[in-house]
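Only one structure is covered here, and it is reproduced in the block below.
In what follows, every chain begins at residue 1, and chains take the letters A, B, ... in the order their sequences are listed.
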Amino acid sequence: MKQLLIDSIKVTVVKTTLLTVLALLSLFAQAADSKAELIKKGEYLARVGDCVSCHTVTDKKAFAGGHAMRTPFGTLYTPNITPDNQTGIGQWTFEHFWQALHHGKGYKGELLYPAFSYTSYTKVTREDALAIYTYLQSVPAINQKNRTHNLTFPFNIRSLLYAWRLLYFTPGEYQPDNSQTDEWNRGAYLVEGLGHCNECHTTRNALGAMDQKSPLNGGQIPVQGWYAPNLSTQTGGGLEGWSQKDVVALLKTGLSEKGGAIGPMADVVRNSTQYMTDTDLNAVAVYLASLPAPAVSSNQPLVEARDYALGQEIYTQHCDSCHGQQGQGVKGIYPVLAGNPTVTEPTGINAIRSVLLGGFSVATKGNPEPYSMPPFAAQLNSKDVAAVVNYIRQSWGNNATAVLATEVAKARSLPQG
Amino acid sequence: MKNQPSRCLRTSLASMTLFLLMSFQAAALQVAEAQVTDTQIKAQKSPPSALQNNLQIPNTMEQRLAACNQCHGEYGYGNTTDPNIPRLAEKPAGYLYKQLLSFKNGEGRNQAMEYVVRQLSPAYMQEIAQYYAAQRIPYQQYPIPEFAEEVLARGELLAKEGDPARGVPACAHCHGGKLTGVKPMIPGVLNQPYDYMVSQLKLWRSNKRSTESTQCMQVVAKRMRKGDAEAVAAWLAIQPLPENREPISMQALPEELPGWCVLEENEVNL
C-alpha cells in the first residue's frame, strides 16, 4: 500500500513536471511565434515606409546609412539603423525609437533634421512603430560609422530647429475620420504617415516646410530636379481621370495605362510600393480619389510653343515608333504620352529629363523585364530637346506650358543619381 | 503708227493684270495651304482614339534594351564613333553582371550608367548580361595613335610574357592564351577600343574602377610602368582575332591565377 502510494506520487510528480515543461515550452514557442510575426509585420511596414531607400547605399549593407541627401541647406548623411551597438541603433530601446519616429528626437534627445520625415512618421501608431523597431533590431548588424552632416550656415545650428518645429511640426498619431470608411482611413494613414507621400508631393516653402493646407498639391523636389505631381484624380488634378485600377497598377508594377513611374518615384515603386498588399494599395487609391481638385488649376496659363513644327519632326524621327503618332504608347510596354502627368506637370522638368536620360521602366514583380528608352542627351541639342518636349506637352489634348532650351541646358547638369 | 503706243500700253496693262491675278492666286493658294497645315496640326492636337493603338513592338531583348544600344551599338556591337564606350557582345556574362551591379551600387564612376541601371532587378541584370555574352557579331577595329615600333613591341611583350621583374603577369596568363577571355568572370582583351583600354587601366591605377568582382587589375595596373598602359592597349587593339574567339573555361587556363588575385563570383548565378 505504501509502495503504491509512493508510486502514485511519483507518477503525479512526473506528470506535473512534464506538463509544466510542456506548458513552458509552448509559452516560449508562442512568444517566438509572436516575435517572428512581429518581425514579419515590421518588415512589411518598413517596406511601406521605404526606410531602405534613404538608409542604404549598397544592397550589401542594407540599412547601414551613409546615403547623401542633398537639400537646399546642404548635404545630410543618413544614419546607420542596423542593430550594431557602436555605430547603429543596437543600444536603442523601443522608447528611443519612438522618440525618433514620433517626436523627431535622437538617442540623446537631440532634435533631428526633418530630412528624416518625422513630420509624417509622427502619425504612425505605437503598435506599428514597435513592429518596425523589432524588425530593425533583427536585421544583420553592420559596423559603419555615421558621416557628419555638411550643412551650410545657419542651418548647421541644430537649436534653430526649436523654432522650425514650433512653426511646422505637430506630433500626433493619425486620428481616424469617423465619417469615412475603414478603407479610406487606412489609405489616409498610409499616405500621410508611413508612406510619407507628402514629403515630395506637397509644395514646400523657403524653409523646407510643407504647405499643410494643400496636401499632395504637387511640388518641386529640391536639388534632385524632379517634379512630384499633384495627386488629385479630379478635374484639373495631376492625376485627372486616373481610376483606382490605374493608381494601383502604377504603385504595383511601375506602369499604368495613364503613365509610368520615373526618377525618384521609380525608386519608391522598386523599393516600397511593389511589395504592398492589394488591400493597402486599393486603400491608398481610395484615399487619393477623395482629394479635392486643386483650387488653382495645375495647368498654368498656356505659353504656345514656337518650335512646334520642329518638335513634330523630331518626334516623328525618334519617338513615334514606340510612343505612337498619337502619343498613345503601348499598353504594358511604353507609357502613353497623351494625358500623362509626367509629360504635363507644370514645370516640364520631368519630360525634359526623360528625353535626356532615357532609361528603363522600373523592374517589378508585375513587370520583370521592362523595356527602355534611349537617352538623347548626346544625340539632341538643347533646342531640339525643348522642341520635342513642347510638341508632346501641346499635342493630343495636352495643354502644358512650353519650356525653353535654356531650361534643358540647365537640366543637363542636374545630379542623375 | 499712232495706235502703236496705245497697243503697247494695252499689252503692258494686260500682262500686268495677268501678273497681279496670278500673284493673288498664288497668295490665295498659300493661304489655303497654310490653313490645311493648321487644320492638320489641330487634328493632331486632338486626343487619340483607341483604334490607333496598333504599334507592333517586337517581344525581344534587343527591343527591351534600346537604352543600352543607343551607346553600345546594336547587339552590343560597340560605339562606332566614341572609342570610350566599350563593346558588350561576347564578354563573359559574369563579368558583365558584376559591371552592372557596381553601377547599380552607385560607385560613382559613370553617372549615365548609374541612372540607366538604377531600376533593374538582379534577376534582370543577369538576363541582360547573358544576352550580350551570347551575341556573336563581327568586331570593328578602332584606330590607334601612331606609335614607334618599340612601343608596340613593349605592348606585345606585356601581353605575352608580362614584366616578371616588376611582378606584372602577362595578359595571357589570366585572360586566356588567345586573349579571348575566361568564363564567367574574365573579359577578352583583343580588339577593344584603344581609348577605352587606356582609360580603364588608368582608372584601375587610381582606384577609381569598380572592385565589385576583383582587385587583381588594380595590382597589375599599379605595377606597370609609365607608358605601359598605352603600349599594351595599342598592341591589343590592332591584333587580328583568332578563328575561334570563344572565351575559354577556367579549367582550360594553363596556369593558376596569381595568388593575390581572387575572383569574387558570389552573387553570380550564370
Can you tell me how far the CD1 atom of Ile333(A) sits from the CG atom of Asn59(B), to the nearest 0.5 Å?
7.0 Å
Please output the residues of residues 67-89 of chain B in contact with chain A, using a heavy-atom cutoff of under 4.5 Å, in numerical order.
Ala67(B), Cys68(B), Gln70(B)
Atom pair CG/OH of Leu55(B) and Tyr334(A) - distance to nearest 0.5 Å:
10.0 Å
Under 3.5 Å donor-acceptor pairs involving side-chain atoms of residues 354-370 of chain A, not counting sequence neighbours:
residue   : atom : partner   : partner atom : Å
Ser354(A) : OG   : Asn350(A) : O            : 2.7
Thr364(A) : OG1  : Thr253(A) : O            : 2.9
Thr364(A) : OG1  : Asn367(A) : N            : 3.1

Of all heavy-atom pairs between Arg118(B) and Arg270(A), which one has the smallest distance, and what is that distance?
O-NH1, 3.2 Å
Do you know the tightest heavy-atom contact between Ser372(A) and Ala66(B)?
OG-N, 3.2 Å
In this structure, NZ of Lys61(A) is separated from CG of Asn105(B) (nearest 0.5 Å) by 11.0 Å
Contacts under 3.5 angstrom, residues 314-322 of chain A side chains, donor-acceptor by atom type, not counting sequence neighbours:
residue   : atom : partner   : partner atom : Å
Tyr315(A) : OH   : Gly324(A) : O            : 2.6
Thr316(A) : OG1  : Gln312(A) : O            : 2.7

With Pro58(B) via side-chain contact (heavy atoms from CB on, under 4.5 Å) - residues at least two apart
Thr60(B), Gln63(B)
If you draw a 6.0 Å radius around NZ in Lys222(B), do more than 12 non-hydrogen atoms from other residues or ligands fall strictly inside?
yes
Answer yes or no: does atom CZ of Arg412(A) have more than 12 heavy-atom neighbours from other residues, nucleotides or ligands under 6.0 Å?
yes
